[in-house]
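This one's a predicted model, so the numbers in the text were calculated from it and none came from an experiment.
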Amino acid sequence: MEAHVVFKQPTVTHPVPPLPENFREALFQELRDRTTQQEIERLLADLLEEIKVNYVQQSVQHDPEAILEEADQLYQSSEESLGKVDGNLRPGDF
């Protein structure tokens, strides 16, 4: 004799609201809300803190002098690739 397992359809206690027809407008409206702005600021601060912690942990595992040298090389190559003229960007650099 075979046993059959029957799963009961879950009931939704919190219905999912439909997406607004004009998503872009709803997004910008939400971004103008001060509470949303504060939440985004908090999340960005948390992200930056996590990046900082990871960077410090990584720098402890590697030679600090080599990291500084690599950062300097990256800075110099980024300036060269931006095509600065007298400290100013030329039109169309971006």
Side-chain angles (χ1 to χ4, degrees):
M1 178 186 268
E2 292 183 25
H4 294 284
V5 178
V6 178
F7 291 101
K8 187 176 176 182
Q9 181 73 13
T11 56
V12 178
T13 56
H14 301 335
V16 178
L19 286 176
E21 289 182 23
N22 191 343
F23 180 77
R24 181 184 169 131
E25 183 179 318
L27 175 64
F28 285 119
Q29 181 179 355
E30 190 67 28
L31 289 174
R32 285 189 288 267
D33 179 53
R34 184 65 188 144
T35 304
T36 303
Q37 292 172 0
Q38 290 171 338
E39 179 70 10
I40 290 171
E41 287 174 4
R42 186 187 64 76
L43 291 170
L44 285 173
D46 290 348
L47 174 64
L48 290 173
E49 185 65 26
E50 185 68 25
I51 290 170
K52 182 176 77 174
V53 167
N54 289 337
Y55 183 79
V56 169
Q57 287 175 346
Q58 184 181 26
S59 67
V60 170
Q61 297 170 356
H62 294 42
D63 179 23
E65 292 296 322
I67 292 172
L68 290 174
E69 184 177 318
E70 180 182 356
D72 188 43
Q73 290 172 354
L74 289 171
Y75 178 75
Q76 289 175 0
S77 66
S78 68
E79 281 194 339
E80 292 170 4
S81 67
L82 287 176
K84 291 190 174 192
V85 177
D86 299 327
N88 298 317
L89 294 176
R90 294 183 297 214
D93 282 343
F94 290 100

Side-chain donor/acceptor pairs under 3.5 Å, residues 42-49, sequence neighbours excluded:
unit_1 : atom_1 : unit_2 : atom_2 : d
Arg42  : NH1    : Asp46  : OD2    : 3.0
Arg42  : NH2    : Glu39  : OE2    : 2.7
Glu49  : OE1    : Lys52  : NZ     : 3.3

Check Leu31 against Ile40 and note the closest heavy-atom contact, atom names and distance. CD2-CD1, 3.5 Å
I need the Gln38 CD to Thr35 OG1 distance, nearest 0.5 Å. 5.5 Å
Roughly how far apart are Thr36 OG1 and Glu41 CD, rounded to 0.5 Å? 11.0 Å
A quick test of your reading: do over 12 heavy atoms of other residues, nucleotides or ligands sit less than 6.0 Å from CD of Gln37? yes
Heavy-atom neighbours of Glu25 CD exceed 12 at 6.0 Å: no
